[in-house]
2 protein chains.
Amino acid sequence: MKDIARHAGVSQSAVSFALNGRPGVSEGTRERVRRVAEQLGWRPSTAARQLSGEGAATVGFVLARPADTLGVDSFFLQLVSGIQEVLAERHLGLLFQVVEDVTDECAVYRRWWAEHRVDGVLVVDPRTDDPRPGLLDELGLPAVVIGGAPDERHPGISTVWADDAGAMASVVDELYALGHRRIVHIAGLPGLAHTERRVRTLRAEAGRRGLTEVESVTTDYSDAEGAAVTRRVLERPAPPTALIYDNDVMAVAGVATAAELGFSVPADVSVVAWEDSALCRMVKPWLSALSRDSVEFGRTAARELTALVDGGPARTVRVPVPRVIVRDSTGAARDA
Amino acid sequence: MKDIARHAGVSQSAVSFALNGRPGVSEGTRERVRRVAEQLGWRPSTAARQLSGEGAATVGFVLARPADTLGVDSFFLQLVSGIQEVLAERHLGLLFQVVEDVTDECAVYRRWWAEHRVDGVLVVDPRTDDPRPGLLDELGLPAVVIGGAPDERHPGISTVWADDAGAMASVVDELYALGHRRIVHIAGLPGLAHTERRVRTLRAEAGRRGLTEVESVTTDYSDAEGAAVTRRVLERPAPPTALIYDNDVMAVAGVATAAELGFSVPADVSVVAWEDSALCRMVKPWLSALSRDSVEFGRTAARELTALVDGGPARTVRVPVPRVIVRDSTGAARDA
DNA sequence: GCAAGAACCTAATGCGCTTTAGCGACTAAA
DNA sequence: TTTAGTCGCTAAAGCGCATTAGGTTCTTGC
């Protein structure tokens, strides 16, 4: 800025005013300063800016997953891609970290907060009884919880969520209409808020229809557990006629396992995957799936966070209910 | 720090010396200061630190991919997970950005450099005729190219790479021994350095053995193109007896397509996937694959970058050659 | 014609840290 | 006794920016 000031023949403060759109300089000077800055390829030092009161121009994103569980899941990269789109417009950086568990995640938030490294954070995989919203609220670090249910206990925290309950209800509707009465839901990690929501809804829907042979089994989302649970339930005397998988990976593994056991999909057993991705169209039969726009989900979350960072109020935003895409893996129940 | 100084009854400079292990304070004072700092939960402001000459304590990572191509690919998350492991030890942050293409990527590097936002960057998907190493070398931004071939033109840039050529040679060896003489390599994006290396090596290996019906076809890595190319080559009068796919996603799509066309794997056509992942064990038959340790790859790259940032010399490091994991998708050629 | 105010600009301060220069007290060598 | 040197510490400057408190000149209203 000193250089710019010299070249433009004004003081450093004038440069600051000119470049930040503050009043106090004439339009002529402003334009001249702008041109010099442009020509010199000047960009403000984020560190200096931050030191004089501005934010860090950065938001944080922590992924708490054991390293080997990362991988095939397409949801996160899509989400991040949507987040980036919004952040990039406003020249905000994304500080990314992978940790082992929620405890480490909280430690990262504390560190970021103490070091003034981020202006806000995006929280994923909310849990029932989650320590994170409380911590962030207490630290006063703006945060958006992605995928959580609305939570009034932490007024400083925004929430962006999809209506899993509604989606689950529509899946059950669909399967019930096709004559399915014995349904197993191969769920994700227990303790995750959306897992619990789906499990609860399934139970409620079953109850409402008087179905007794409907249940949820939790897993770690891996293809291995998906396959194992599939094998276990299909080997029963009265195996289920429909399987709902909480992600695409387990669904694909489940279909392979079913085929191995001599079950034909969808003639003997119908399959629905919770996440739609290329994977669902890479196996035969093509998987019916619940589809949501993960990129848009990310965009929405990022927009909420920037609003919050700018001093806006915390809000709860619902994104559209995931839709069932019917493909080849669902059909009428054999015994219907 | 002012608070700490007051509590410990020393000057602020003494606190700085004590906390940074600099000489100039007695052991007693140092210990006392440490305790007070600990008790007050003090963490240095990265911004202030950076402003007084230290680095940004952050490294950058840009992924240049159209949003819809992101996704099923497990390589990147694994890589990032390895990178994080090393960075976390040293309390370095990872600034992450997704962009559309290499031009945008260069713009990001320029911005980060001008804003002093990062101490170094990790570059992935190197290309033949890549503008990035030149730019980074010119800017003087420490960088590690991941997956590139050694390049002497840019002495400031480190390289971490796997020997694709050796791996390709071993795959051809394997297939040749099984009697395969007509081989199609469904390659990745043209212009990527490792794509070109693999294509060149395949051609050389074929030449060495006098095979004329061996070729590479480039794609965009998507399941769609993988399937399309598979269909095209299998519908020929003399279809190949072996297919080498440059990633797991295309391999899986290819197997599905082959099955559709009435080709049995591996009886009619053998399949090898370049990347090993859960995906390869989620389809039947299980896919033979080239396996490498992507997490370790990430660790190595991060270690090189930290060494470079610390003022070490640029180096070229080779990670182990990917190994062929033989599963069920490769067998003797039918006409052998 | 003069005071009041607006318009445009500069000087100076501070953000939280590192670092250099310097200072007093003590010790060892001459 | 003096000189030089060391140890443990403090005072002060500076990193690049935003901001606040002036300070001129120019206009405006009476």
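The sequence lines fix the lettering, A, B, ..., with proteins before strands; numbering per chain opens at 1. No hydrogens, no waters, no symmetry mates; every other heavy atom, side chains included, goes into these values.
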query = Can you list the residues that meet the side-chain contact (heavy atoms from CB on, under 4.5 Å) rule with B:Asp130, with sequence neighbours excluded?
reply = B:Pro126, B:Arg127, B:Arg132, B:Pro133
query = Does any residue of residues 28-52 of chain B have a heavy atom under 4.0 Å from DNA chain D, and if so, which ones, in number order?
reply = B:Thr29, B:Leu51, B:Ser52
key: salt_bridge(B:Asp101, B:Arg65) N-O dist < 4.0 Å   = no
request  = Could you check which residues of residues 4-26 of chain B get a heavy atom under 4.0 Å from DNA chain C? Sort them by number, please.
outcome  = B:Gln12, B:Ser13, B:Ser16, B:Phe17, B:Asn20, B:Arg22
task = Give a yes or no on whether a salt bridge exists between B:Glu38 and B:Arg35, defined as a side-chain N under 4.0 angstrom from a carboxylate O.
result = no
ask   = Below 4.5 Å, heavy atoms only, C-beta onward: do A:Val124 and A:Phe76 meet side chain to side chain?
value = yes
ask   = Does any non-hydrogen side-chain atom of B:Val33 lie less than 4.5 Å from one of B:Leu19?
value = yes
key: Gap separating the CG atom of B:Leu95 from the CZ atom of B:Phe61, nearest 0.5 angstrom   = 12.0 Å
key: A:Val102 side chain reached by A:Pro131 side chain, heavy atoms, under 4.5 Å   = yes
ask   = Which angle, rounded to 10°, do you find between the first-five-pair axis and the last-five-pair axis of the helix from C:dG1-D:dC30 to C:dA30-D:dT1?
value = 50°
ask   = Nucleotide range of DNA chain C contacted by chain A, 5' to 3', under 4.0 Å to a heavy atom?
value = C:dC8 to C:dG16
request  = Output all residues satisfying side-chain contact (heavy atoms from CB on, under 4.5 Å) with A:Ser26, sequence neighbours left out; order by chain, then residue number.
outcome  = A:Thr29
Summary of side-chain hydrogen bond (donor to acceptor under 3.5 Å, both in side chains) pairs that have at least one residue in residues 44-57 of chain B, sequence neighbours excluded = B:Asn20-B:Arg49
ask   = Who are the salt bridge (Lys or Arg N to Asp or Glu O under 4.0 Å) partners of B:Asp104, not counting sequence neighbours?
value = none
query = Taking C-beta and beyond as the side chain, do A:Leu305 and A:Val86 meet within less than 4.5 Å on heavy atoms?
reply = no
key: Covered region of DNA chain D, 5' end to 3' end, by chain B [heavy atoms, under 4.0 Å]   = D:dG8 to D:dG16
inquiry  = According to side-chain contact (heavy atoms from CB on, under 4.5 Å), who are the partners of B:Glu296, at least two apart in sequence or on a separate chain?
reply    = B:Asp293, B:Arg299, B:Thr300, B:Arg303
ask   = By side-chain contact (heavy atoms from CB on, under 4.5 Å), which residues pair with A:Ser13, not counting sequence neighbours?
value = A:Ser11, A:Phe17
request  = If a pair satisfies salt bridge (Lys or Arg N to Asp or Glu O under 4.0 Å) and one of its residues is in residues 2-29 of chain B, list it, with sequence neighbours excluded.
outcome  = B:Asp3-B:Arg6, B:Glu27-B:Arg30
message = One thing to verify: whether A:Asp137 and A:Arg153 come together as a salt bridge, which I'm taking to mean a side-chain N less than 4.0 angstrom from a carboxylate O.
response = no
